[in-house]
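Just the heavy atoms: all of them, side chains too, but no hydrogens, waters or symmetry mates, feed the values below. Both counts, for ligands and for their atoms, begin at 1 and track the order of listing. Predicted model only: the values in this text are computed from it and were never measured. The first residue in the sequence is number 1, and the count goes up from there.
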Amino acid sequence: MTQPATNSRASNSDTILDYDAIVIGAGVAGLYQLYKLRNIGMRVRVFEAGTGVGGTWYWNRYPGARFDSESYSYGYSFSQELLDEWDWSEHFASQPEILRYLQHVADKFDLVKDIQFSSEVQSAIYSDDTRSWEIRLQDGSRFRSRFLITGIGLLSQPTLPRIPGIDSFKGQSFHTSRWPHEPVSYTGKRVAVIGTGATGVQTIQEVCKDVGHLTVFQRRPNWCAPLHNSKIEPDEMREIRANYEEIFETCNQTAAGFLHTADKRSTFEVSEEERYEFWENLYASKGFGIWQGNFKDVLTSPKANEAMSEFVADKIRQRVDDPETAEKLIPKDHGFGTRRVPLETRYYESYNRDNVELIDIIETPIEKITPGGIVTADREFEFDLIIYATGFDAILGSYNKIDIAGVNGRRLKEQWSEELSTFLGIQINNFPNLFMILGPHALLGNNPRSIEFNVEWITDLIEHMTAQNMTRAEATTKAVAGWYQHVLEQGEGLLANQIDSWMTGVNSNLDGRQERIVARYSGTQSTFRKRCNEVVESGYAELNLM
Ligand code: NA7
């Protein structure tokens, strides 16, 4: 509801605004948000810590980095011209191609002129007097805007293991998401990889082809499944292009925005023969079908999950020559699909090579890192290069890194340490005019599908406010509490929420916060979209707009 007296105060403050909106991050989210806000006539500035666009795909340059989503399901859907002109070369494109795509988008829509690179945001402080945010960069410069939008990623703050002596290593060492821009030669070298998540798996299967010797330090194995990547021939690309509408419509209907959707049958409803035939087909198919397109109870029923896990365990046993190594590669503490399934290309066969060795660091823990290598409980290893594929301070890490203060100086970090809650994963009570693109309790998965929806929702709200001469938007505490309950309800019964992983906020390399949290929304794209659309249809009744 418009409150004229207060509004005149706020509109007087317009003269002190540098921008209408500031966006943090020039990845998939930030680029599209800039494009959309500029289209409604806003003065927008994007601050980006990197030296170029791309976000996740700018930072993650490690060997073997590529999509696990089908390329054509991941790109932007908003521009027919872009869809018409961009050819994907592989079903699951590699990082250099993805980065080229995002650079092409930035060039095509002339986005770079409004992006300031090498600009890490240090703090964001809200003022209720002026209904605006003051953004301070690491170099001390400050900018004020009405709206603040974060496109800062879920997996953007890398974490290194806390191993004694880690800084003493004299060879080269990199976290995968801070891989140098210039080529790193590992040909013929003695290389270590610590970590066997989705990133470690992609790295290991790639570098093992060239290194002199590769030692993989594995704490817990993950359930991996074949990617089945292949080139996209021109005819196939034409067919994909003709089907874009259907492709995006499918993604918008599935649980997590992927092309794959759960089978309507449950695991034991079908005969054993049918069950194994179905699983064999999934194992032989491209992408996340085996995870997202499995029987409907595989990710919720312990019994169904156990049967599926046993099926995949047998595949691992068949693919790895040494039975002892195979057993080490089979997870024993969680079932298939309860953590993010790394998709692989001859990952398991990597361990059949003479130059690859697997060290189980639960059995023989790493004791220290020395100038020459790594010392475990029973051996000393010499390395030229150590690769840390040890993951991220996921979901909250990128928010905790910025000092964000809302109404009356309320710190976001403090508020979230009391209770992690948001409204739609987009807004937070006490933090007016702050909008998150894929914040906590947002719908994750094939992220561009959620990003486009979120960006459009935020843009529509800002456009609505501008048309009504409104300058302050804040989710009501009731709306936040309602969304929190909904998020918990949607996550009930999901085996993944009962397992330690980045999706439940557990990271052994951080101080504190080792209790599992529900950090993401586990409902489907359609439930999420329906709920967001209801908010619009009600005239944004769950937001205090003024
Ligand atoms: P993940 O999935 O968090 O994996 C990190 C890996 O590193 C995992 O195997 C961890 O073992 C291991 N790790 C972490 N800390 C240590 C220490 N201190 N010692 C030994 N091993 C360690 O990160 P990724 O980068 O692979 O993937 C993140 C997401 O990015 C992925 O899901 C995709 O969506 C893209 P653990 O399992 O914790 O025992």
Side-chain angles (χ1 to χ4, degrees), residues 27-28 55-57 59-69 74 92 95 98 153-166 174-179 192-205 215-225 227 256-258 287-288 291-292 328-329 331-334 337-344 347 358-369 374 376-377 386-395 397-398 438 444-448 450 496 499-511 514 516 519-520:
V28 175
T56 294
W57 302 106
W59 293 104
N60 286 278
R61 295 163 187 258
Y62 60 84
R66 66 172 64 249
F67 281 150
D68 281 347
S69 297
Y74 189 99
F92 303 89
Q95 178 271 339
I98 304 163
L154 337 157
L155 296 154
S156 41
Q157 296 305 318
T159 49
L160 286 168
R162 292 186 290 189
I163 304 172
I166 190 165
F174 308 109
H175 189 284
T176 43
S177 84
R178 292 296 178 270
W179 200 261
V193 173
I194 303 180
T196 51
T199 301
V201 166
Q202 288 190 335
T203 308
I204 291 161
Q205 68 196 13
T215 312
V216 176
F217 293 89
Q218 170 188 271
R219 189 163 61 186
R220 283 185 296 163
N222 283 295
W223 295 101
C224 313
L227 176 69
F258 295 105
F288 275 138
W291 185 29
Q292 298 291 313
K328 285 184 182 163
L329 288 165
K332 306 290 189 304
D333 65 343
H334 67 281
T338 59
R339 301 172 102 203
R340 202 281 208 183
V341 174
L343 294 182
E344 46 85 25
Y347 171 67
L358 178 67
I359 303 296
D360 176 343
I361 61 167
I362 302 279
E363 221 171 78
T364 53
I366 295 178
E367 289 185 341
K368 60 179 175 184
I369 294 180
I374 293 178
T376 65
I386 300 179
I387 302 174
Y388 296 102
T390 46
F392 301 86
D393 182 1
I395 303 180
S398 38
L438 301 200
L444 314 182
N446 188 23
N447 290 334
S450 297
I499 298 293
D500 286 354
S501 73
W502 67 259
M503 294 193 277
T504 52
V506 178
N507 180 328
S508 67
N509 304 317
L510 295 172
D511 291 327
Q514 292 312 309
R516 273 179 217 143
R520 69 205 165 102

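Residues Ser69 and Asn446 have side chains that bring a donor and an acceptor to within less than 3.5 angstrom of each other. A side-chain donor from one of Arg219 and Ser508 sits under 3.5 Å from a side-chain acceptor of the other.
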Could you go through the salt bridge (charged side-chain N to carboxylate O under 4.0 Å, His left out) check for Asp511 and Arg162 one step at a time?
-> CA-CA 10 Å; Asp511 291 327; Arg162 292 186 290 189; 2.5 Å; yes
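The CD1 atom of Ile166 lies 15.0 Å from the NZ atom of Lys368; values are rounded to the nearest 0.5 Å.
The only option from Ile194, Asn507, Ile163 that meets the side chain to side chain contact (heavy atoms under 4.5 Å, CB included) definition with Thr390 turns out to be Ile194.
Around ligand 1 you find Leu155, Pro161, Ile194, Gly195, Thr196, Gly197, Ala198, Thr199, Arg219, Arg220, Arg339, Arg340, Ile361, Ala389, Thr390, Gly391, Phe392, Trp502, Asn509, each with a heavy-atom distance below 4.0 Å.
Between Tyr74 and Trp57, the ring planes lie perpendicular to each other; the angle is over 60°, past the 30° to 60° tilted range.
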